[in-house]
Amino acid sequence: LMVQAALDRGLGYTVVLASSSWHAGVIGIVASRLLERYGRPTILIALDGEMGKGSGRCGATFNLYEGIKNCSQWLQGYGGHKRAAGLSIRKDDVETFAEAFESFARTQLTESDLVPVVEFDQDLDLGQVRPALLNVLDTLEPHGPGNPEPVFRARDVEVLKVRTVGDLSDGKVGHLKLALR
């Protein structure tokens, strides 16, 4: 709902959100998902009393560490690298930090940098998808943080049929079932 409210106001070049109902242990994963969906440098802050712990993610077109460093006067601490970082911040400084971070991002990014990018491991012709390949892919499991599931891209594909699957009411996300050629 918070991201939707930001979209309704006209989402800027960044997403910086804070809440006392979030657990600090999961905000990095959620920031990654929001980055995938909206294509913007994203920082989520889990507030606990007067302090907050933040976790940020960004794509290859922006240096998250430099962005946070540029706004460090509002932080109690920070660290990380180009694409992922963490920070600690006073609750009262979140809004000022978010505004400064947005201003800095606007000096570094263009609108075309904000298009979400789906990263993939390899091109794959759909004719190559056979039981033998699926069996080989099964040997790569289990997937997780140190062993991500492979992502393939198919080119020159025609969509013959599309159907949504799952309950899509109240903003819930289902998935698509496709017939391709």
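- Sorted by first and then second residue, the side-chain hydrogen bond (donor to acceptor under 3.5 Å, both in side chains) pairs with a member in residues 122-151 read D123-R153; sequence neighbours excluded.
- Using a 4.5 Å cut-off on side-chain heavy atoms (C-beta onward), R90 and M51 make contact.
- Judged as a salt bridge (Lys or Arg N to Asp or Glu O under 4.0 Å), and not counting sequence neighbours, E95 has no contacts.
- The backbone N or O of Y38 lies less than 3.5 Å from a partner atom in the side chain of R40, making a donor-acceptor pair.
- Side-chain atoms of D113 and T110 include a donor-acceptor pair closer than 3.5 Å.
- Between the side chain of S32 and the backbone N or O of G28 there is at least one donor-acceptor pair closer than 3.5 Å.
- Counting heavy atoms from C-beta outward, V16 and L44 have side chains that stay 4.5 Å or more apart.
- The line from NZ of K177 to OG1 of T164 is 11.5 Å long, rounded to the nearest 0.5 Å.
- Going from atom CD of Q73 over to atom OG1 of T96 covers 10.0 Å, rounded to the nearest 0.5 Å.
- V165 and V159 fall into different hydrophobic clusters, where Ile, Leu, Val, Met, Phe, Trp and Tyr residues are linked whenever their side-chain heavy atoms come under 4.5 Å apart, directly or through other members.
- Hydrophobic cluster membership differs between V151 and L124, with clusters built from Ile, Leu, Val, Met, Phe, Trp and Tyr side chains linked at under 4.5 angstrom.
- Atom CZ of R83 sits about 11.0 Å away from atom CG of N63, to the nearest 0.5 Å.
- No side-chain heavy atom of I27 sits under 4.5 Å from any side-chain heavy atom of I45.
- Tracing side-chain contacts under 4.5 Å through hydrophobic residues (I, L, V, M, F, W, Y), one never reaches V136 starting from V129; they form parts of separate clusters.
- When every heavy atom of P150 is checked against every heavy atom of L137, the shortest pair comes out as CG-CD2, 4.1 Å.
- A donor-acceptor distance shorter than 3.5 angstrom exists from the side chain of S88 to the backbone of G77, with no hydrogens or angles considered.
- Taking OG of S72 as the start and CD of E66 as the end, the distance is 10.0 Å to the nearest 0.5 Å.
- Among all heavy-atom pairs drawn from R181 and L160, the shortest one is NH2-CD2, 3.5 Å.
- Between atom OG of residue S103 and atom CD of residue Q108 there is a gap of 12.0 Å, rounded to the nearest 0.5 Å.
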Under the criterion ring-ring contact (aromatic ring centres under 6.0 Å, His included), I'd like the reasoning laid out for Y78 against Y65: C-alpha separation, chi angles, the key distance, then a yes or no. CA-CA 9 Å; Y78 65 96; Y65 179 81; 5.7 Å; yes

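- Of all non-hydrogen atoms in S55 and A31, the two that sit nearest each other are O-CB, 3.9 Å.
- If you chain together hydrophobic residues whose side chains sit under 4.5 Å apart, V115 and L64 never meet in one group.
- The two residues A105 and F62 make their nearest non-hydrogen contact at CA-CE1, 3.7 Å.
- Applying the 6.0 Å contact sphere to CG of D121 captures more than 12 heavy atoms from other residues, nucleotides or ligands.
- The 12-atom threshold is not exceeded at CD of E111, counting heavy atoms of other residues, nucleotides or ligands nearer than 6.0 Å.
- Taking both residues in full, the closest heavy atoms of L35 and P41 are given as CD1-N, 4.5 Å, listed atom of the first, atom of the second, then distance.
- Here the CD1-CD distance, from I89 to Q76, works out to 8.0 Å after rounding to the nearest 0.5 Å.
- Residues L109 and Y13 come closest through the heavy atom pair O-CE2, 3.5 Å.
- One N or O on the side chain of T107 and one on the backbone of F104 form a donor-acceptor pair closer than 3.5 Å.
- Proximity of T14 to I43: side-chain heavy atoms (C-beta onward) are nowhere separated by under 4.5 Å.
- With W22 as reference, L17 is the one residue of D48, V30, L17 to meet the side chain to side chain contact (heavy atoms under 4.5 Å, CB included) rule.
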